[in-house]
Undergrad: 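One structure, as structure tokens, below. Some questions next.
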Amino acid sequence: MKKSIVNLPDQKSAGRRNLKAIAEHLDFEMPQHLSDLGEGRSYYVRTYGCQANVRDGETISGLLEEMHFHPANSEEDADLLIFNTCAIRKAAEDHVLGEIGNLKPLKTKHPEKIFAVCGCMAQEEGIVRDLIEKYPQVDLVFGTHNLHELPELLEAVMKGERRIAVYSEEGKIIEGLPSRRIKPYKAFVNIMYGCDKFCTYCIVPYTRGKQRSRRMEDILREIRTFKEQGGREIQLLGQNVNAYGKDLGMEDGFTKLLEACAETGIDRIRFYTSHPRDYSITTIEAMQKYPSVMKSLHLPVQSGSDEVLRRMNRGYTSADYRHLVDEMKARIPDITFTTDLIVGFPGETDEQFQETLDLVDYCQFDSAFTFIFSAREGTPAAKFEDHLSQDVKKERLQMLNDRIGLYAKKNNDAYVGRTLKILCEGPSRKRTDVFSGYSEENKLVNFAGHDLKEGEIYDVLITGAKSYTLDGEAVSGHLENKEI
Ligand code: SAH
Ligand code: SF4
Ligand code: F3S
């Protein structure tokens, strides 16, 4: 069998990209001769990582179904198994490589099965080489910029060619790709791809390319279609949504987009991820003005120490962040905040870690994703001197999680006795009289009720609080078989 590598990514040149150029926009068309390539074959996509990857997973599923592949009942049954990977931390990456390694016996037993690897790990030169050289069970590796080429790539593999295609340098914007949304009432909507921020620890600008914004009319068309089909909630996606449109020459693009999204009449709008440096006051005003813009904000801070923030290249100070949070709390009293934090950044002192705890005390987040720093090859921070032992890092992580948990519980306790609006995501897997869903504040609520419909919004009285979930009872819809 033939193996070929097409355009391996050059991570070293990624930092010197021309950030001014506007990305090329193309419309996708399924090659006619490939539209029944998957006839009689099943597929399974296993997705890791962030919402960008989840959305890519939906696109991959959409493409495959347009080629008449059908969803497999399990990974073992699948004729085509795709690992949609994440590269953000080394440990998670090693885990995925282990899982790919475990596929070897299955491939030996069923050589006709196709195994593919895509996502952010498929944008890393070293990983791609390893996959080709050391994992013969892998038939195809394709990067984040060439999802739209999947039909041709699969055709090549099915004809007996083992082809590796990775384009890391510059991605185009491809409109009109099919997709199979995981939930018909909740949509991830990409508003931009890539990231130009180059935080010193982060691999994303190398795996996802430079920032490329979609045209506003394309985004709005997607949202209107989704709404017409009964959609309730959209989640606008980008690595730094507040910078939306800058690459298209737009001023205040994100606020304009947010307002236009609200004007479509969709019930709920959320957005991920915000960057404190690019947050504009007009966006806060739009949040105040439109009830459909949810009053919960994921605002990663990473550290409470100015020195660490500087070495991370985050572009704001701890005081700037506090000021932003204060401003939002003053204007939107019910707002909830979540964040991301990294402990054990190279050289982080006890005092600097303490500053992170102080910031947590000040902001009292509703919850946080917390991580131990992971050195990613090719990023500047991977070369920073790191004296901290793994034990110290783990200890700091534990202390931080304890502190976060304290405020999470305290904040949740304050909801007991209140009625929240929950978008029902269906009954729990174990009990049909217990449902779950998210409130406007983005609280996960498990609640009692009967005959409630997935995708509908219900009033739910909160009866109990845990650190990261709330319990309640539906007070609109049906409860104990009574109409209420
Ligand atoms: N674009 C988003 C987040 C992208 S990655 C933002 O800027 O906020 C999600 C989170 O992973 C980051 O916020 C950061 O906390 C964490 N992360 C990224 N790179 C990391 C690394 N090398 N080690 C540990 N955590 C990391
Ligand atoms: Fe990574 Fe920073 Fe870009 Fe977020 S803003 S994706 S942390 S480089
Ligand atoms: Fe992971 Fe890539 Fe997202 S590295 S966090 S899947 S952008």
Side-chain angles (χ1 to χ4, degrees), residues 2-11 13-14 17 21 23-31 33-35 37-38 43 45-50 52-67 69 80-87 100 114-129 131-132 138-159 161-180 190 192-195 203-212 214 218 237 239:
K2 192 174 141 207
K3 279 192 205 175
S4 56
I5 302 176
V6 184
N7 284 4
L8 266 182
D10 174 4
Q11 300 206 353
S13 70
R17 295 178 309 224
E24 195 181 334
H25 286 64
L26 292 178
D27 286 316
F28 174 78
E29 249 180 81
M30 177 65 75
H33 73 287
L34 298 180
S35 61
L37 191 76
Y43 78 93
V45 184
R46 188 202 279 203
T47 294
Y48 298 87
C50 68
N53 251 20
V54 175
R55 180 66 186 136
D56 283 353
E58 292 184 335
T59 303
I60 292 167
S61 300
L63 279 166
L64 294 174
E65 292 192 15
E66 207 163 290
M67 289 187 279
F69 283 88
L80 166 63
L81 176 58
I82 301 183
F83 277 42
N84 184 18
T85 62
C86 169
I100 297 171
I114 300 173
F115 293 150
V117 179
C118 65
C120 288
M121 283 170 67
Q123 293 285 136
E124 289 182 90
E125 187 174 346
I127 297 274
V128 174
R129 284 197 193 285
L131 285 172
I132 301 162
V138 174
D139 299 294
L140 170 67
V141 183
F142 59 102
T144 57
H145 300 320
N146 51 329
L147 296 189
H148 60 292
E149 290 164 89
L150 183 58
E152 286 94 346
L153 292 168
L154 281 175
E155 182 193 29
V157 171
M158 286 160 84
K159 279 185 177 164
E161 189 179 342
R162 301 187 65 203
R163 181 148 181 249
I164 314 294
V166 184
Y167 307 94
S168 134
E169 273 296 298
E170 302 303 345
K172 299 182 177 91
I173 292 189
I174 315 289
E175 294 296 343
L177 282 162
S179 83
R180 178 180 187 259
N190 285 316
M192 66 218 287
Y193 304 96
C195 182
I203 199 167
V204 172
Y206 309 93
T207 63
R208 292 271 168 183
K210 69 169 188 166
Q211 176 177 315
R212 288 125 34 229
R214 284 179 77 193
D218 293 329
L237 299 186
Q239 293 299 341

Undergrad: Kindly give the heavy-atom pair with the smallest separation between Leu237 and Ala52, and that separation in Å.
TA: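 Shortest heavy-atom contact: CD1-N, 4.2 Å.
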Undergrad: Ignoring hydrogens and angles, tell me if any N or O in the side chain of Thr85 forms a donor-acceptor pair with the backbone of Val117 under 3.5 Å.
TA: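 Not at all, since once roles are kept as given, no pair shorter than 3.5 Å links the two residues.
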Undergrad: What is the distance from atom CZ of Phe115 to atom CD1 of Ile82, rounded to the nearest 0.5 Å?
TA: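 One gets 11.5 Å once the value is rounded to the nearest 0.5 Å.
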Undergrad: Any non-hydrogen side-chain atom of Gln239 less than 4.5 Å from a side-chain atom of Pro205?
TA: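 Heavy-atom side-chain distance check fails, nothing below 4.5 Å.
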Undergrad: Return yes if some donor-acceptor pair links the side-chain N/O of His25 with the main-chain N/O of Ala23 below 3.5 Å, else return no.
TA: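 A pair under 3.5 Å: yes.
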Undergrad: Of the non-hydrogen atoms in Gly57 and Val45, which two are nearest, and what is the gap between them?
TA: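 That closest heavy-atom pairing would be CA-CG1, 4.4 Å.
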Undergrad: How close do Cys86 and Gly49 get, heavy atom to heavy atom, and via which atoms?
TA: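 What the structure gives for the nearest pair is CB-CA, 3.6 Å.
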Undergrad: Report the C-alpha distance between Leu154 and Leu64 in whole Å, list the side-chain angles of each, state the deciding distance to 0.1 Å, and finish with yes or no for side-chain contact (heavy atoms from CB on, under 4.5 Å).
TA: CA-CA 10 Å; Leu154 281 175; Leu64 294 174; 3.5 Å; yes
Undergrad: Under 3.5 Å, is there a donor-acceptor pair between the side chain of Asn84 and the main chain of Asn53?
TA: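 Between the backbone of Asn53 and the side chain of Asn84 there is a qualifying donor-acceptor contact (under 3.5 Å).
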Undergrad: For Thr144, is there any backbone N or O sitting under 3.5 Å from a side-chain donor or acceptor partner on Gln123?
TA: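 Checking the backbone N and O of Thr144 against the side chain of Gln123, a donor-acceptor pair under 3.5 Å is found.
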Undergrad: Any donor and acceptor pair, going by atom type alone, linking the side chain of Asp139 with main-chain N or O of Ala116 inside 3.5 Å?
TA: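 No, the answer is negative, given that no donor and acceptor are paired below the 3.5 Å cut-off.
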Undergrad: How close do Pro151 and Phe28 get, heavy atom to heavy atom, and via which atoms?
TA: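 For Pro151 versus Phe28, the nearest heavy atoms are CG-CZ, 4.4 Å.
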Undergrad: In Å and rounded to the nearest 0.5 Å, what is the NE2 to CD distance from His33 to Glu152?
TA: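 One finds 7.0 Å between NE2 of His33 and CD of Glu152.
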Undergrad: Determine whether Met121 and Leu131 satisfy the following criterion, side-chain contact (heavy atoms from CB on, under 4.5 Å), listing intermediate values before the conclusion.
TA: CA-CA 10 Å; Met121 283 170 67; Leu131 285 172; 5.9 Å; no
Undergrad: Please find the pair of heavy atoms, one from Asn190 and one from Arg214, that lie closest to each other, and give the distance.
TA: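 Asn190 and Arg214 have their closest heavy atoms at O-NH1, 3.0 Å.
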Undergrad: Measuring from Arg212:CZ to Cys195:SG, what's the distance to the nearest 0.5 Å?
TA: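 SG of Cys195 is found 11.0 Å from CZ of Arg212.
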Undergrad: According to the interplanar angle, ranging from 0 to 90°, do the rings of Phe69 and Tyr43 count as parallel (below 30°), tilted (30 to 60°) or perpendicular (above 60°)?
TA: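 Phe69 vs Tyr43 ring planes: perpendicular.
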Undergrad: Find the distance between CD1 (Ile173) and NE2 (His148) and round it off to the nearest 0.5 Å.
TA: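 One gets 12.0 Å once the value is rounded to the nearest 0.5 Å.
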Undergrad: Just verifying a value: how many Å separate Met30 CE and Leu150 CG, rounded to the nearest 0.5 Å?
TA: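 Reported value, rounded in 0.5 Å steps: 8.5 Å.
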Undergrad: For Ile60 and Cys118, what are the C-alpha separation, side-chain angles and deciding distance, and is it a side-chain contact (heavy atoms from CB on, under 4.5 Å)?
TA: CA-CA 10 Å; Ile60 292 167; Cys118 65; 3.7 Å; yes
Undergrad: Between atom NZ of Lys159 and atom CG of Leu37, what is the distance when rounded to the nearest 0.5 Å?
TA: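 Reported value, rounded in 0.5 Å steps: 9.5 Å.
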